[in-house]
Amino acid sequence: EPEVTQTPSHQVTQMGQEVILRCVPISNHLYFYWYRQILGQKVEFLVSFYNNEISEKSEIFDDQFSVERPDGSNFTLKIRSTKLEDSAMYFCASTRQGGNSPLHFGNGTRLTVT
Amino acid sequence: AQSVTQLGSHVSVSEGALVLLRCNYSSSVPPYLFWYVQYPNQGLQLLLKYTSAATLVKGINGFEAEFKKSETSFHLTKPSAHMSDAAEYFCAVTSNDYKLSFGAGTTVTVRA
């Protein structure tokens with residue numbers, strides 16, 4: 001069965017550095033998402049992306065975050081200047097249709113900011 | 001806005017016993033409800049979904065959930081727990097706006 005793949009599985013970075021988290025969604029999917037889970041807290045929506053633009057973003061997704069689909073397969077999340085509180089597990093997800101279609105999640109990237 | 005509340009952050013059951021995980025939702029519009037499971041070091045895997053068809057929804061691995069509008073609940077059950085069911089379980093809700101709101105999760109441990 002096709003999977004959403006995320007790389008790296010674990011990223012350690014220093015505060016203030018830029019990081020790019022990479023995702024390869026399932027190939028025929030059209031809607032893409034990023035979620036994050038801070039240790040011990042709920043999984044939170046960050047952003048949804050469709051037709052090469054952001055369809056919705058949460059209040060967490062401020063100017064230091066950006067998303068891009070640079071080619072036909074990758075979907076990236078960039079954090080421009082990381083803060084300690086950005087440490088979390090970041091999940092990429094995709095779905096063929098939007099709305100109530102179930103999301104297919106990747107295994108996540110654990111980001112540790114020191 | 002929608003939200004879900006999962007009652008009990010940790011549930012411990014004996015192998016072969018009933019698994020019951022509670023989820024209550026809040027939504028101003030008809031909700032779509034999901035249960036996801038997360039095994040250690042893995043992503044979120046869909047167990048089952050409710051999208052306004054049958055109120056009793058059967059999912060993978062022997063799990064099922066019943067949508068009860070009068071109780072605003074969507075509890076997850078499995079008649080007989082297996083060791084492989086040890087994982088974290090998340091209830092989630094959306095209203096067709098592409099955005100899932102997750103509960104805090106319930107960790108299930110299974111005793112031999």
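Lettering follows sequence order; numbering is per chain, from 1. Quantities reported herein were computed from a predicted structural model and do not represent experimental measurements.
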With sequence neighbours excluded, tell me which residues meet side chain to side chain contact (heavy atoms under 4.5 Å, CB included) with B/L7. B/T5, B/R22, B/N24

Check whether B/L44 gets within reach of chain A through its side chain, its backbone, both or neither, counting any heavy atom under 4.5 Å. both

Pick one of side chain, backbone, both or neither for B/V93, based on which atoms fall under 4.5 Å of a heavy atom in chain A. neither

Verify same cluster id: [X], [Y] (apolar side-chain graph, 4.5 Å):
{"X": "A/L46", "Y": "A/V113", "answer": "yes"}
{"X": "B/L47", "Y": "B/F67", "answer": "yes"}
{"X": "A/Y90", "Y": "B/Y39", "answer": "no"}

For atom CD of A/E85, is the number of surrounding heavy atoms from other residues, nucleotides or ligands below 6.0 Å larger than 12? yes

Heavy-atom count check: over 12 atoms from other residues, nucleotides or ligands less than 6.0 Å from A/D71 CG? yes

Write down the atom of [X], the atom of [Y], and the distance for their closest heavy-atom approach.
{"X": "A/K42", "Y": "B/V4", "result": "NZ-O, 3.8 Å"}
{"X": "A/P102", "Y": "B/L46", "result": "CB-CD2, 3.3 Å"}
{"X": "B/Q38", "Y": "A/F91", "result": "NE2-CZ, 3.2 Å"}

If you measure from CG on A/L103 to NZ on B/K99, what distance do you get to the nearest 0.5 Å? 13.0 Å

Side chain / backbone / both / neither for A/E44 at chain B, heavy atoms under 4.5 Å: neither

Counting C-beta onward and ignoring hydrogens, is there a side-chain heavy-atom pair between A/Y35 and B/L100 closer than 4.5 Å? yes

